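Data block below; observations after.
Indexing begins at 1, ligand by ligand and atom by atom, following the structure's order. All figures in this text were calculated on a predicted structure; none of them were measured in a lab. These numbers come from the heavy atoms of this one structure, side chains and all, not from hydrogens, waters or symmetry mates.
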Amino acid sequence: MIDPGGGLIVLHRLFVAAGLALSIAVIIAGCQASTAAPTAQDAKQFLDEVDTTLNRLALDASRAGWVAQNFITVDTEAMDARATQAFSDASSRWAKQAVRFDNVEVPADQRRQLNLLKVSLVLATPSDPKESEELTNLVSSMRGVYGKGKWCPDSAKAESCMNIDDITKLLATSRNEKEIRAAWEGWHTISPPIKKDYQRFAELSNKGAKELGFADTGAMWRAKYDMAPDAFTKELDRLWDQVRPLYLQLHAYVRMKLHQKYGDVVPQKGPLPAHLLGNIWAQDWSNVYDLVAPANADAGFSLTDILKRRKMSAIDMVKAGERFYSSIGLAPLPQTFWERSLFLRPKDREVVCHASAWDIDSVNDVRIKMCIDQTAEDFSTIHHELGHNYYQRAYNTLPMIFRDSANDGFHEAIGDTIALSVTPEYLVKIGLLDKAPDASRDIGLLLSRALEKVAFLPFGLLIDQWRWKVFSGEITPAQYNQAWWDLRLKYQGVAPPTARGDEFFDPGAKYHVPDNTPYTRYFLADILQFQFHRALAKTAGCTTPLHRCSIYESKQAGQRLNNMLSMGLSKPWPDALAAVTDSNEMDASAILDYFAPLQKWLQEQTKGQPVGW
Ligand SMILES: [Zn+2]
C-alpha cells in the first residue's frame, strides 16, 4: 500500500480543497435572488448543472494535472493550480448550495447525490470572506513549511542539509542508532513552526464545518461513510480489536530481534523505539526485514532476476498486468491507454515518477504514469495501478458524482487486492516461474508482507483519532504533542527516543497533517483488501492457504468484482461490499486468515517472551 499521494487518483485530489471568497460571494448573491422555496424541479436542474460542470472541470483539471506531472515547469504548475482551484471552488459552492434542498422531496438517487455533495469537502471555509481567505492561506502555508522542510546537521554547511527523501533513505538503510536518532529528531524540527497555524486552522475549519451543519471538521469527515459519525468510530475500534492480537505478536517478535541487534536501546519489554523501525513514522517496517528475517527466509526465487533474465520490457510487464484482468473476464484496455500512458522515465525532462493511475475524461481515457523498472515490486505495482483504471472504467456511465469508489478506502483496496493475487502459482501459470516453492518458504514472504501491512494498521488508525479529538476540542492545543504520543503508545506501542515536550509538534512532521488529508481511508483499504481477497478466492474455488490463492483466470471472481466496481459510489458502501463478500460488514478476520501460518510461527518464536508493552 502506498500512502502519501501514492497511487493517486486524480479526481480524489481535486475534491480535497477549500473554497475561496469568490465562491462565497456567488452563494450569497444566489440566496438573495431566490426567496421562494426550492422545488424538486429546482433540485433536478441543480444536479444536472453540477453533472455538466463537474465533467468539464474534472476534464480540465485532469489534463492540466497530467501535463504538469509529465512536463514539470513553472508554467504547467501554474496551469495545474488554476484548474485545480476552479474545481475546488465549484465543489465548495455546490456543497453549500446542496443544503438548500434538504427539505425537498426528491428521488433516492438524487438525494444521495445531494448528500454526497454536502460531504465532499475535506475543508469547509467559513462564510466570512476574511476568515475564508485566512484559512486557505493557513493550509498553503502549512503545506509550504512541510514541503520545504529540511534538517541541516551542520548549520554552517548548506550541503549537509537533508530533505524528506534523504532522511527517509537514511532511516531505511542506516543501522547506526546514533545516526538514525539524530536524523529522526532532525526531521521533527521542521514542524514546531506549524503548531500555531494548526491551532488557528482547526478553529476556522470547524467554523466552516458548523456552517454546513456538522459538529466539527472531524464529524464532517466521518459523515462520508454512510453511517452516524459515532457509529463509524466504534466500527474502526471493532476492526482494530480483531487484528490487535496479530499485531502484538509481530510487535513482540520485532522487539526481540531489534533488541538482539541494538541492545538495551530496544527494551526487552515495553514500547519499541519509534526511530528504529526503518521509517520516520514507524508506519511501515519493511526496511528492517533483514534484521528480523527468519533463517531459510529466501523465497526460493527472485522475480526481479527472472524479469531481467527474460528481458521483459516495461510494456511487456504492463501487458502481463492487462492479461491478468482479461483472464478474469474484464475487457482489454483501450488503445489510447497504450498511446497516452507513461511507462518509462523520460531522458529529456523532469517528470513525477511516483506511480499513479489516471482517468482523464471520466469515460475511457484511462492511463497510468509510472517509471517502470524490471523489479518484482514494479510488477506488482502495475497490477495495483491497473486496478484503479478498471474501477474507473467500470463506473463510467453513472452520473459524475457517482464516478468514484464506494468509499475512499475502496479504490486503494482494489489495486492491492489484485496485487495479493500475484502469487508464485500465478507466476507459474503465466510462464515466469517453472515451479512454485513449497510451503516451507512461506514465512519469509508472509513476514515481509506483515511488516508492511500489519505494522501499518495502528498507524493508519491513530492519525485521525488524534485529529478528530483536536477538531472536537477533546485535545487542547496545550496537549497536542502529549496526546499524539499517548495515542502512538496506545495503538502502535512505540515511544520516542527522547522526551518530546510541548515545544514540539510531532504530528506536523507527518505529511497528511499539514496537508489536511484524511487518513482513515488507508486503514480501511488495508482491512478491505484482505476481505475482498478472501471472498474472491473462495469464489474462484481456491483451496490452498489464502496467501497462496490467486484469482487469475477465474471469470466468476471477475464477475463478482465487476459487479461491485460498476456500482461506483451510487450505493452505500455496505451494499458494494456485499456484492463481493456477501456481507455488508467490514471484517478484519480475513487478515488473520491470510497471516495464520505467520501468527503461529511468531507465537513459537516469542515463546517465553513478553508480549505487549
Ligand atoms: Zn493506488
Side-chain angles (χ1 to χ4, degrees), residues 1-16 62 65-66 69-70 122 224 283-284 286 314 317-318 320-322 324-325 330 333 337 341-343 351-360 362 365-373 375-396 403-422 449 452-453 456-457 459-460 463 511-512 515 517-533 536 551 561 564-565 568-569 573 576 580:
M1 186 167 52
I2 316 160
D3 84 9
L8 160 100
I9 308 139
V10 171
L11 206 62
H12 285 172
R13 178 169 61 96
L14 300 171
F15 267 113
V16 178
S62 300
W66 177 268
Q69 292 204 16
N70 276 280
V122 166
K224 278 182 209 305
Q283 69 177 68
D284 179 338
S286 310
M317 288 166 68
V318 183
E322 185 192 37
F324 182 99
Y325 289 89
L330 303 184
L333 291 161
F337 170 87
S341 289
L342 179 88
F343 300 126
V351 303
V352 177
C353 265
H354 193 106
S356 55
W358 296 66
D359 179 13
I360 300 290
S362 308
D365 188 354
V366 292
R367 310 174 191 176
I368 61 169
K369 188 173 62 54
M370 225 183 130
C371 303
I372 299 170
D373 288 323
T375 64
E377 193 186 345
D378 279 7
F379 189 73
S380 170
T381 303
I382 287 166
H383 288 71
H384 171 100
E385 296 304 335
L386 291 183
H388 290 307
N389 284 153
Y390 283 96
Y391 205 160
Q392 289 157 344
R393 202 182 53 180
Y395 54 59
N396 69 2
R403 289 185 210 178
D404 206 336
S405 59
N407 72 35
D408 54 8
F410 274 57
H411 237 302
E412 285 310 315
I414 293 306
D416 278 359
T417 299
I418 301 302
L420 290 177
S421 271
V422 181
R449 195 153 268 175
E452 181 196 347
K453 304 215 181 209
F456 176 77
L457 287 162
F459 186 79
I463 297 239
Y511 171 81
H512 299 69
D515 190 64
T517 306
Y519 209 75
T520 303
R521 63 184 67 162
Y522 302 110
F523 175 80
L524 296 177
D526 205 355
I527 302 274
L528 287 168
Q529 61 188 268
F530 290 96
Q531 202 178 343
F532 293 151
H533 179 65
L536 293 172
I551 62 166
L561 179 66
M564 179 176 86
L565 301 185
L569 185 51
W573 65 261
V580 161

- Query: Looking at side-chain heavy atoms only, is the closest gap between Leu333 and Tyr325 below 4.5 Å?
  - Reply: no

- Are Thr517 and Val122 side-chain neighbours, meaning at least one heavy-atom pair lies under 4.5 Å? no

- Message: Any non-hydrogen side-chain atom of Phe324 less than 4.5 Å from a side-chain atom of Ile551?
- Response: yes

- Message: I'd like to know if the Zn ion (ligand 1) has an N/O/S atom from Glu412 within less than 2.8 Å of it, counting both backbone and side-chain atoms.
- Response: yes

- So, is His411 placed with an N/O/S atom under 2.8 Å from the Zn ion (ligand 1), counting both backbone and side chain? no

- Query: Once rounded to 10 degrees, what value does the angle at the Zn ion (ligand 1) take between NE2 (His388) and NE2 (His384)?
  - Reply: 100°

- Task: For residues Trp358 and Ile368, determine if any side-chain heavy atom of one lies less than 4.5 Å from a side-chain heavy atom of the other.
- Result: no

